Asks: 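Let me give you the structure first, and then I'll get to my questions.
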Amino acid sequence: MPRPLEAPDRLRVSVVGTGYLGTTHAVSMAQLGHDVVAMDIEQEKIAMLSECELPFFEPGLAELLRKCVEAGRLRFTTSYDDVSEADIHFVCVGTPQLHGSFNADLRLVETAFTELARRVTRPTVIVGKSTVPAGTARRMADAVRRQAADGQVEVAWNPEFLREGHAVEDALRPDRLIFGVRSPRAERLLRAVYRPIIEGGCPVMVTDYATAELVKVSANTFLAMKISFINAMAQICEATGAAVLPLAEALGYDDRIGRRFLSPGLGFGGGCLPKDVRALYACATDLGLDDVATFIRQIDVINLSRRDRTLTLGRELLGGSYARKRVCVLGAAFKPNTDDVRDSPALAVAVAAHREGAQVVMHDPVAMNSARRIHPEIEYADTVVTAAREVDLVMLLTDWTDFEDMDPALLSGVVRSRNVLDGRNVLTPERWRSAGWTYRA
Ligand code: UDX
């Protein structure tokens, strides 16, 4: 953990938007020693956070939240007026994919910048952390200039690279800090606010707005490209009789390539990768860069095709149809260690199997409530064993370690047919086959 700042170096920090990013950022700013006020228009969220309860699951964050609130360094509000006095403001609101388009919806970002600019009473910097298309910071700078007195408010962009499930570590020990700024004053303020992290050796890059904005979407698109690449290779392996897992391992030994994000399977989901790939595709299309757009588009296309392929493998294991079959789905979250089901490949496959007539019983260690809220038509079970009772097929779709360690002998006694589909390539096939299971991956 970076050493917290002493009193004279503490700043008054405001954070607008208390979703996943904003809450983690507010807590880490308070953990660094700053006096933080976090604001959101959703009263329910603010009420929960004020009681030190997280509206989502994230390992280690609840403890830090409580510690910072009890130390008096972090409080929550629903009013912009309570944040107007801060030395520096961070905008952490969501930028979801627009309905019927691949572009990001920037309305919340625009509102946050203009509402803050209207209220600030002294020179300050409003820092965008939300993931946005290139050109947004420049537009926000123009919008802010129209709202605030001359030179009072500057805009900076400082993208965030948090991974769900590792958010605390990523926020307090980031790989790099990117400051998209237009003036030395904004850079100085950002260096002051992140001082304990910078002193810990974190590299800082100072860039123009557009570069800072692009770092985030291009990092996520690159990661997505690695996953889609190995999934494309998985298809070639299936067709040629090669084995994709040893192939990924062999590629990974080349340190120019690296083994991470080369795990083949059901592919990526979540609130970031799919949306960012699509936003970059939309950006390339708008710029008339057709070849670039086609290249990026295929990352998404290959990723979505993995869901169909998984569904097909399941259908084959069931003898040709999901109709009237009972199917156990292990995993609802888009990846392990989160309760986030946004664009979850596991949930998409479960819902598709249900639509094809299967009776789907789902289990996830933490994401069942989030899944139930949007898909009440699916059955939910509290344990793996109850989910697997009397089923014709077990599908492992999110790679929680609990599932990797499952004992096939234990499940043999509860299922109707011993068919297992390993959508994440994490089970040991020999172990399942020797326990009498038909194993596909
Ligand atoms: C991502 C980025 O990693 C993070 O830097 C950014 O700030 C937000 O987006 P996150 O969405 O939390 O973080 O998930 P990540 O751990 O990157 O995984 C993304 C998806 O890729 C998951 O659905 C995961 O299951 C999948 N994945 C990952 C694979 O399918 N194969 C792999 O080899 C690795």
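Just so you know, ligand 1 is whichever comes first in the structure, and atom 1 is the first atom listed for that ligand. Just so we're clear, the structure is a prediction, and the values are computed from it rather than from any experiment.
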Asks: What does the 4.0 Å heavy-atom contact list look like for ligand 1?
Replies: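 Contacting ligand 1 under 4.0 Å are Glu160, Phe161, Leu162, Arg163, Glu164, Lys216, Asn220, Leu223, Ile227, Phe261, Leu262, Ser263, Gly267, Phe268, Gly269, Cys272, Leu273, Phe334, Lys335, Arg424.
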Asks: Examine the side chains of Thr18 and Lys45 and answer whether a donor and an acceptor come within less than 3.5 Å of each other.
Replies: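 On atom types as modelled, these side chains do not qualify, holding no pair under 3.5 Å.
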Asks: Between Trp157 and Phe90, is the ring centroid distance below 6.0 Å?
Replies: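 For Trp157 and Phe90, the ring centres are not under 6.0 Å apart.
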Asks: Any side-chain heavy-atom pair from Val13 and Val193 closer than 4.5 angstrom?
Replies: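 Yes, side chains in contact.
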Asks: Are Arg297 and Tyr281 in a cation-pi contact, defined as NZ or CZ under 6.0 Å from the six-membered ring centre and within 45° of the axis?
Replies: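 Positive - Arg297 is close enough to the ring of Tyr281 and near enough to its axis.
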Asks: Quick one: are Ile299 and Phe268 in side-chain contact, heavy atoms under 4.5 Å?
Replies: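 When only atoms from C-beta onward are counted, Phe268 and Ile299 do touch, with a gap below 4.5 Å.
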Asks: Check Asp422 against Tyr439 and note the closest heavy-atom contact, atom names and distance.
Replies: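 So the two residues come closest at OD2-OH, 2.7 Å.
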